[in-house]
Amino acid sequence: MSSVVTLNNGLKMPLVGLGCWKIPNDVCAQQVYDAIKIGYRLFDGAEDYGNEKEVGQGIRKAIDEGVVKREDVFVVSKLWNSFHHPDHVKMALKRTLSDMGLDYLDLFYIHFPIAFKYVPFEEKYPPGFYTGKEDEKNGHITEAHVPIIDTYRALEQCVEEGLIKSIGISNFSGSLVQDLLRQCKIKPVALQVEHHPYLTQEHLVEYCKDNGIQVVAYSSFGPQSYIELNHPLAKNTPNLFHHDTIKQIANNHNVATSQVLLRWATQRGIAIIPKSSKKERLQDNLMIDEKLTLTHKELEAISKLNKNLRLNDPWDWLDGKFPIFA
């Protein structure tokens, strides 16, 4: 398995995990199972991904066959926006645990600092951007007036009850992290954010490190993750795999450009959760720390590619205009 980091609550977390976003349901269980056999021990999922049953099937198969024990696997999910009200937090968590067939999660994030109107499971699950039939017809999202700290305190209760071991936050700006730290009883162990050479967020990363919060990167390959979603910025931004700077560094070390992008993150202490359906690529990603060490000059050259280019911005969600990064 990959290198591990010690979180602020003492738990050990792998620095490299498998991201479960966009893994198709029909192959998800097998991919998770195969990844465990390769050596993966962290699986980063979410209620919104719609494949938690299959992720759980892959994990349980590996446990049942004796490949791993439950305590060997670091299982992650995320609370979706529709379930922020304290009355719905534990209910949504228990739905995740039921779908995955597990008794607890190692880490449970608040997926976004945005509260949607509650949608009952029987109406639609996962609800995504759906907040009612009328809203769906009009391309609208209805918000719920739930402060972040209320959601967080409900998660603290879930820690006390043993349903989750750690709380994380995702897509939070620095000011929201700072405000949360002033109010929480249990410190968040991790902040997951979009992070790649076009969006380095260096002040946020430094602030989290100073406060003992592990930064976890998603979309490590930048625009590549969003091309299939027809994201306009992704289509009009140079692919990092083909960027001259990244290609030159890859040539220097005789490795793939994807490996350079991942090592740039882990060498700076940032955890990664790349996805791949190819076993050889999964293996390369997992062992990135052993296979490649970038020079200080190379790390700086990659960081200088920053454009503050954010591809996952809730301001663009339907008519929502959620200003969390404004």
Side-chain angles (χ1 to χ4, degrees), residues 19-23 25 28 44-56 75-102 104-105 107-159 161 163-164 166-173 176 180 184 188 190-194 218 229 312-326:
C20 299
W21 180 42
K22 298 191 295 185
I23 299 182
N25 295 73
C28 183
D44 183 275
E47 293 168 351
D48 188 52
Y49 299 167
N51 58 8
E52 291 200 308
K53 288 183 179 180
E54 292 78 10
V55 172
V75 185
V76 179
S77 184
K78 305 178 188 76
L79 178 75
W80 184 240
N81 308 338
S82 309
F83 311 117
H84 274 214
H85 193 282
D87 291 346
H88 305 139
V89 169
K90 189 192 299 185
M91 180 185 71
L93 170 59
K94 286 189 172 182
R95 170 64 186 257
T96 284
L97 292 174
S98 174
D99 282 350
M100 300 188 81
L102 300 175
Y104 68 91
L105 295 177
L107 174 57
F108 197 40
Y109 289 100
I110 297 176
H111 204 152
F112 285 92
I114 302 168
F116 288 174
K117 175 186 173 185
Y118 170 65
V119 177
F121 296 154
E122 59 272 17
E123 186 171 346
K124 186 173 184 180
Y125 187 87
F129 294 158
Y130 176 89
T131 54
K133 291 181 180 179
E134 193 66 26
D135 284 350
E136 184 176 47
K137 185 171 66 175
N138 297 322
H140 178 69
I141 298 172
T142 296
E143 293 183 72
H145 298 290
V146 183
I148 292 168
I149 190 60
D150 288 359
T151 304
Y152 197 89
R153 284 176 177 146
L155 288 170
E156 290 178 326
Q157 182 64 38
C158 292
V159 173
E161 293 180 22
L163 297 173
I164 54 178
S166 313
I167 306 172
I169 48 180
S170 181
N171 299 297
F172 276 49
S173 65
L176 289 179
L180 181 62
C184 64
L191 170 68
Q192 186 174 123
V193 291
E194 180 181 345
Y218 70 79
L229 303 177
N312 189 9
D313 191 344
W315 184 261
D316 302 322
W317 289 354
L318 302 181
D319 69 346
K321 296 192 182 302
F322 299 103
I324 63 174
F325 301 123

Q: Could you tell me which residues satisfy ring pair (Phe, Tyr, Trp, His ring centres under 6.0 Å) with His85, sequence neighbours excluded, listed by chain and number?
A: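 By the ring pair (Phe, Tyr, Trp, His ring centres under 6.0 Å) rule, His85 matches His88.
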Q: Return the set of residues passing side-chain contact (heavy atoms from CB on, under 4.5 Å) with Lys321 (not counting sequence neighbours), or none when no residue passes.
A: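 For Lys321 the side-chain contact (heavy atoms from CB on, under 4.5 Å) partners, ignoring immediate neighbours, are Trp315.
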Q: Any idea which heavy atoms bring Ile324 and Pro314 closest together, and the distance?
A: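 The answer is CD1-CG, 3.6 Å.
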Q: Looking at side-chain heavy atoms only, is the closest gap between Leu93 and Leu79 below 4.5 Å?
A: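 No, side chains not in contact.
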Q: Is there side-chain contact between Asp44 and Lys78, with heavy atoms separated by less than 4.5 Å?
A: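 Contact flag for Asp44/Lys78 side chains = yes.
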Q: Return each pair, listed once, that meets ring pair (Phe, Tyr, Trp, His ring centres under 6.0 Å) where at least one residue sits in residues 134-158; pairs must be two or more places apart or across chains.
A: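 For residues 134-158, and leaving out neighbouring residues, there are no ring pair (Phe, Tyr, Trp, His ring centres under 6.0 Å) pairs at all.
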Q: Restricting to non-hydrogen atoms, name the atom on Tyr49 and the atom on Cys20 that form the minimum distance, rounded to 0.1 Å.
A: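 In terms of heavy atoms, the two residues are closest at CD1-C, 3.9 Å.
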Q: Could you check whether any side-chain N or O of Thr131 sits under 3.5 Å from a backbone N or O of Lys117, counting only pairs where one atom can act as donor and the other as acceptor?
A: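 Flag not set: sc Thr131 to bb Lys117 has no pair under 3.5 Å.
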Q: Distance-only, no hydrogens or angles: does the Asn25 side chain make a donor-acceptor pair with backbone N or O of Glu54 under 3.5 Å?
A: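 A pair under 3.5 Å: no.
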Q: Say you draw a straight line from CH2 of Trp21 to CG of Asp48; how long is it, rounded to the nearest 0.5 Å?
A: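 Between atom CH2 of Trp21 and atom CG of Asp48 there are 10.0 Å.
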Q: Would you mind reporting whether Leu163 and Phe108 have side-chain heavy atoms less than 4.5 Å apart?
A: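 No, side chains not in contact.
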Q: To the nearest 0.5 Å, what is the distance between CD1 on Ile167 and OG1 on Thr151?
A: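 If we round to the nearest 0.5 Å, Ile167:CD1 and Thr151:OG1 are 11.0 Å apart.
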Q: How long is the gap from CD1 on Ile110 to CG on Leu191, to the nearest 0.5 Å?
A: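 Answer for the CD1-CG pair, Ile110 versus Leu191, is 11.0 Å.
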Q: Working note: Ile114 + Trp317, criterion side chain to side chain contact (heavy atoms under 4.5 Å, CB included); need CA distance, chi angles, decisive distance, verdict.
A: CA-CA 12 Å; Ile114 302 168; Trp317 289 354; 3.7 Å; yes
Q: Apply the test side chain to side chain contact (heavy atoms under 4.5 Å, CB included) to residues Tyr118 and Met91: give CA-CA distance (whole Å), side-chain angles for both, the deciding distance (0.1 Å), then the verdict.
A: CA-CA 12 Å; Tyr118 170 65; Met91 180 185 71; 3.3 Å; yes
Q: How about Lys22: does its NZ atom have over 12 heavy atoms from other parts shown lying under 6.0 Å from it?
A: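 Enclosed.
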Q: Are a donor atom and an acceptor atom from the side chains of Asn312 and Tyr218 found within less than 3.5 Å of each other?
A: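 Distance-only check passes for Asn312 and Tyr218.
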Q: Do Phe322 and Ile141 come close enough that some side-chain heavy atom pair is under 4.5 Å?
A: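 SC-SC contact between Phe322 and Ile141 confirmed.
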Q: For the atom pair CZ (Arg95) and OG (Ser77), what is the distance rounded to the nearest 0.5 Å?
A: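 Between Arg95 CZ and Ser77 OG, I get 11.5 Å after rounding to 0.5 Å.
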Q: Is any NZ, NE, NH1 or NH2 atom of the basic residue among Glu136 and Lys133 found under 4.0 Å from an Asp or Glu carboxylate oxygen of the other?
A: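 Judged by the 4.0 Å cut-off on N to carboxylate O distance, Glu136 and Lys133 do not form a salt bridge.
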Q: Apply the test side chain to side chain contact (heavy atoms under 4.5 Å, CB included) to residues Leu105 and Leu97: give CA-CA distance (whole Å), side-chain angles for both, the deciding distance (0.1 Å), then the verdict.
A: CA-CA 8 Å; Leu105 295 177; Leu97 292 174; 3.8 Å; yes
Q: Closer than 3.5 angstrom, by distance alone: can the side chain of Asn51 be matched with the main-chain N or O of Ile23 as a donor-acceptor pair?
A: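 A pair under 3.5 Å: yes.
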Q: Can you find a heavy atom in the side chain of Glu156 that is under 4.5 Å from one in the side chain of Cys184?
A: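 Yes, close enough: below the 4.5 Å cut-off.
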Q: Which residue in the set Phe121, Phe116, Phe83 passes side-chain contact (heavy atoms from CB on, under 4.5 Å) when paired with Pro127?
A: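 In the set Phe121, Phe116, Phe83, the residue that makes a side-chain contact (heavy atoms from CB on, under 4.5 Å) with Pro127 is Phe83.
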Q: Please name the pair of heavy atoms, one in Ser82 and one in Gly128, separated by the smallest distance, quoted to 0.1 Å.
A: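 Where Ser82 meets Gly128 most closely, the heavy atoms are OG-O, 4.3 Å.
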Q: Could you state the interatomic distance from CG (Asn138) to CG (Asp319), rounded to the nearest 0.5 Å?
A: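 Here the rounded value is 8.5 Å.
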Q: If you take all heavy atoms of Ser170 and Pro113, which pair is closest and at what distance?
A: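 Closest pair (atom of Ser170, atom of Pro113, distance): O-CD, 3.7 Å.
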Q: Take Tyr125 and Glu47, measure what side chain to side chain contact (heavy atoms under 4.5 Å, CB included) needs, and give me the verdict at the end.
A: CA-CA 9 Å; Tyr125 187 87; Glu47 293 168 351; 3.5 Å; yes
Q: Measure the CZ-CG distance between Phe325 and Asn171 for me, rounded to the nearest 0.5 Å.
A: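 Nearest 0.5 Å value for the CZ-CG distance: 4.5 Å.
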